[in-house]
> 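Quick one: structure below, then a few questions.
We name chains A, B, ... by the order of the sequence lines, and we start the count at 1 in each one.
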Amino acid sequence: MAQMTLKIASWNINSVRLRIKLVEAFLKAHKPDILCLQETKTPNDLFPAKALGRLGYKHIALHGKKGYHGVAIVSKLPLGDIMTQVFCDKDDCRHISVSFRTRNDEPVELHNFYVPAGGDVPDADENPKFAHKLAFLKEMDAFSARLGDAAADKKRILVGDLNVAPLENDVWSHRQMLDVISHTPVEVESLGRVVKSHEWADLTRAQVPESEKVYTWWSYRARDWQASNRGRRLDHIWASPAMARSFDKIEIIREARGWKQPSDHVPILASFEA
DNA sequence: ATGGTCGGCAACCGA
């Protein structure tokens, strides 16, 4: 079988309409087959589909709403089985999934998630946003477990802004972040259960040793994001065991944080020989 | 220890 490369990207764009030029620049430079976006902040009928179609991304799956949240999948490859899942009985637009076929005609199922950020106070009794985040992760665990037998050779990919930095070197200071939402032990444990539920492989950490720091997000609030470098690894690409076998490499486009009027997240790309 | 900045959308909410 011919070795073909499949490139899947994920990016929390923080308003796709405001940053459509950055999306176009990213697609031209890195040419993923499929781009998964989070925080599109737009109703589906205002999604900038035309600009993306001109670049060859003619297949688009949308789950958006006015003003908040929203996810999208834009693809050069035809998409089927477009599905959205409501979590925590909230119509938040935090998930969309599709199926597609690789150029070797292998079927793949792709899930795009935007996990709630969880607010500021790391106590679910006092902070309903944190309670929502934990409930979402719990439902995501059940959802992931229901996807089917991970060992059954089904090729699946799960990407997104999962809003949890699980490992010590996924944050700039493990000690100082232990009671900061995104790195609290309770969230890390919840995300770990999702990973276990489907034997997901964390592709960034399949490539970058756990001893090495790696980030995908830098706060807007820093005076100089690059100088302070207080980042977090919030954006993830996971693969089912069958998919992970064809994993080639991860790229994190750090320089995108320095682009004009940037998102606070940078794109992450996974390449597969598939 | 605290406050710091964004985007949507038109006063604050969500991040």
> Would you call A/D92 and A/R94 a salt bridge, taking side-chain N to carboxylate O under 4.0 Å as the test?
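Looking at A/R94 together with A/D92, the answer is yes, because their closest N to O distance falls below 4.0 Å.
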> Can you tell me how far C1' of B/dG7 sits from CD of A/E39, to the nearest Å?
9 Å
> Once you round it to whole Å, what is the distance between C1' of B/dA15 and CZ of A/R232?
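Atom CZ in A/R232 sits about 10 Å away from atom C1' in B/dA15.
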> Across the strands shown, which category fits A/Q261 at heavy-atom distances under 4.0 angstrom: base, sugar-phosphate, nothing?
sugar-phosphate
> From NZ of A/K260 over to P of B/dC6, roughly how many Å is that when rounded to an integer?
14 Å
> Of the options A/H236, A/R205, A/R232, which is the one that meets A/D170 in a side chain to side chain donor-acceptor pair (under 3.5 Å)?
A/R205
> Scan residues 169-194 of chain A against DNA chain B and write down, sorted by residue number, each residue with any heavy atom closer than 4.0 Å; if none is found, say none.
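Contacting residues: none.
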> Expressed in whole Å, how much space separates the C1' atoms belonging to B/dA10 and B/dC6?
16 Å
> Measure all distances between protein nitrogen or oxygen atoms and nitrogen or oxygen atoms of nucleotides 1-5 of chain B, and list the pairs falling under 3.5 Å.
residue: B/dG4; atom: O6; partner: A/R221; partner atom: NH1; Å: 3.0
residue: B/dG4; atom: N1; partner: A/R221; partner atom: NH1; Å: 3.3
residue: B/dT5; atom: O4'; partner: A/Y220; partner atom: O; Å: 3.2
residue: B/dT5; atom: N3; partner: A/R221; partner atom: NE; Å: 3.3
residue: B/dT5; atom: O4; partner: A/R221; partner atom: NH2; Å: 3.2

> To the nearest Å, how far apart are A/Q38 CD and B/dA15 C1'?
14 Å
> So, is A/H69 near the phosphate of B/dG8, with a side-chain N or O under 4.0 Å from OP1 or OP2?
no
> Provide the distance between the two C1' atoms, one in B/dA15 and one in B/dG4, to the nearest whole Å.
14 Å
